[in-house]
Amino acid sequence: MRWIARLGQLLKGPLPGPEAQREAFPDAPDRVARCEPGARPAAVLVLFYPRPRRWCFLLEKRPENLPVHRGQIGLPGGAQKPCDPSPEATALREAAEELGLDPLAVEVLGRLSPVYIPASGFVVTPVVGWQPHPPLLRPNGREVARVLEVSTRALLDPGRFRLETWTLHGRPQRVGCFRFGGETVWGATAMILCELRALLRQRSSRSAFCNFR
């Protein structure tokens, strides 16, 4: 499909990287550039699939009883294990464990820029893939409280992203966040989505990635 081919080409070229990620933390540029020694590798999956007249990807809400990132919205994924030969293997394994996705149905297109998460000490590699039909989901209730389906049209809608002033680490900061399905997406996931949004805008009109082709 032309949409997927175009996305694959963009992922093979120069990525928007930290410049786009900084939209999520404009007052804390060190948050983007920083990566502490000994950071643990992790990966998440941005899985695109078609719905009638639109392309979509999945987000998940973490349960409130988790030790870190409780109640937050994120992409399926987790820590790399010794059995994982690559970030792609980690992202697909975790997506299968959390959502019941079939790894064999996913074609990997490439990666976005890594993101460091200070709260958990992970450096996360976002893996981008697609499958030609909507996935059959079997969410693991211990890890997933809610699944959100987001269209590329919503991701590229300027009204879904806004800067808010939050108190973080004892001082006010502007935080860039997305609003999908009544939920607020911020932090590392917002950084990843900011870069993805910038990539979809790159070398194309906005409508090219909003419309199903």
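How far CD1 of Ile192 is from CZ of Arg197: 14.0 Å, rounded to the nearest 0.5 Å. How far CZ of Arg22 is from CE of Met191: 9.0 Å, rounded to the nearest 0.5 Å. In this structure, CD on Glu195 lies 10.5 Å from CG on Leu200, to the nearest 0.5 angstrom. Interatomic distance, CG of Leu92 versus CG of Asp102, reported as 9.5 Å (0.5 Å rounding).
With a 4.5 Å cut-off on side-chain heavy atoms, Leu199 and Leu7 count as touching. Between Pro134 and Arg51 there is a side-chain heavy-atom pair separated by less than 4.5 Å. Proximity of Gln9 to Lys12: side-chain heavy atoms (C-beta onward) are nowhere separated by under 4.5 Å. You'll find the side chain of Tyr116 stays beyond 4.5 Å of the side chain of Pro114, heavy atoms only. Side-chain contact check for Trp55 versus Trp130: some heavy-atom pair is nearer than 4.5 Å.
Applying the salt bridge (charged side-chain N to carboxylate O under 4.0 Å, His left out) definition to pairs two or more places apart or across chains, none involves residues 117-130. The stretch residues 107-128 participates, sequence neighbours left out, in these salt bridge (charged side-chain N to carboxylate O under 4.0 Å, His left out) pairs: Glu88-Arg111. Evaluation of the ring-ring contact (aromatic ring centres under 6.0 Å, His included) test over residues 133-161, restricted to residues two or more places apart or in two chains, returns Phe161-Phe178.
In plain terms, the two heavy atoms of Glu97 and Asn140 that are nearest each other are O-CB, 3.5 Å. The nearest pair of heavy atoms linking Cys194 to Ala24 is SG-N, 4.1 Å. Glu98 and Pro76 make their closest contact through OE1-CA, 3.3 Å (heavy atoms, listed as atom of the first residue, atom of the second, distance). Pro132 approaches Pro50 most closely through the heavy-atom pair O-CG, 3.4 Å. Taking both residues in full, the closest heavy atoms of Gly17 and Ser113 are given as CA-OG, 3.4 Å, listed atom of the first, atom of the second, then distance.
The existence of a salt bridge linking Glu164 and Arg179 is excluded, since no basic side-chain nitrogen approaches an acidic carboxylate oxygen closer than 4.0 Å.
Residues passing the side-chain contact (heavy atoms from CB on, under 4.5 Å) test with Leu137 are Leu58, Leu99, Leu101, Pro135, Pro139, Val147, sequence neighbours excluded. Residues passing the salt bridge (Lys or Arg N to Asp or Glu O under 4.0 Å) test with Arg174 are Asp27, sequence neighbours excluded. With sequence neighbours left out, the side-chain contact (heavy atoms from CB on, under 4.5 Å) criterion links Val150 to Phe57, Leu59, Ala154, Phe180. Every side-chain contact (heavy atoms from CB on, under 4.5 Å) that Glu183 has, sequence neighbours left out, goes to Lys61, Ile73, Arg146, Leu148. Thr167 meets the side-chain contact (heavy atoms from CB on, under 4.5 Å) test with no other residue; sequence neighbours excluded. Residues meeting the salt bridge (Lys or Arg N to Asp or Glu O under 4.0 Å) test with Glu60, sequence neighbours left out: Arg62.
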Please list every donor-acceptor pair under 3.5 Å in which a side-chain atom of residues 38-48 meets a protein atom from a residue at least two apart or in another chain.
{"residue": "Arg40", "atom": "NH2", "partner": "Ser120", "partner atom": "O", "Å": "2.6"}

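Under the 4.5 Å side-chain heavy-atom criterion for ILVMFWY residues, a single connected hydrophobic cluster contains both Val175 and Val185. Follow the hydrophobic side-chain contacts under 4.5 Å out from Tyr49 and you never reach Leu193; the two are in separate clusters. Residues Leu15 and Val108 do not share a hydrophobic cluster, clusters being chains of Ile/Leu/Val/Met/Phe/Trp/Tyr side chains in contact below 4.5 Å. Residues Leu156 and Leu112 fall within the same hydrophobic cluster, defined by Ile, Leu, Val, Met, Phe, Trp and Tyr side chains chained together at heavy-atom separations under 4.5 Å. Cluster membership for Val127 and Val115, using ILVMFWY side-chain heavy atoms within less than 4.5 angstrom, is not shared.
Hydrophobic cluster of Leu163: no remaining members, since no ILVMFWY side chain lies below 4.5 Å from it. Using a 4.5 Å cut-off between side-chain heavy atoms of Ile, Leu, Val, Met, Phe, Trp and Tyr, Leu136 forms no hydrophobic cluster with any other residue.
Between Trp166 and Trp186, the gap from one ring centroid to the other is short of 6.0 Å.
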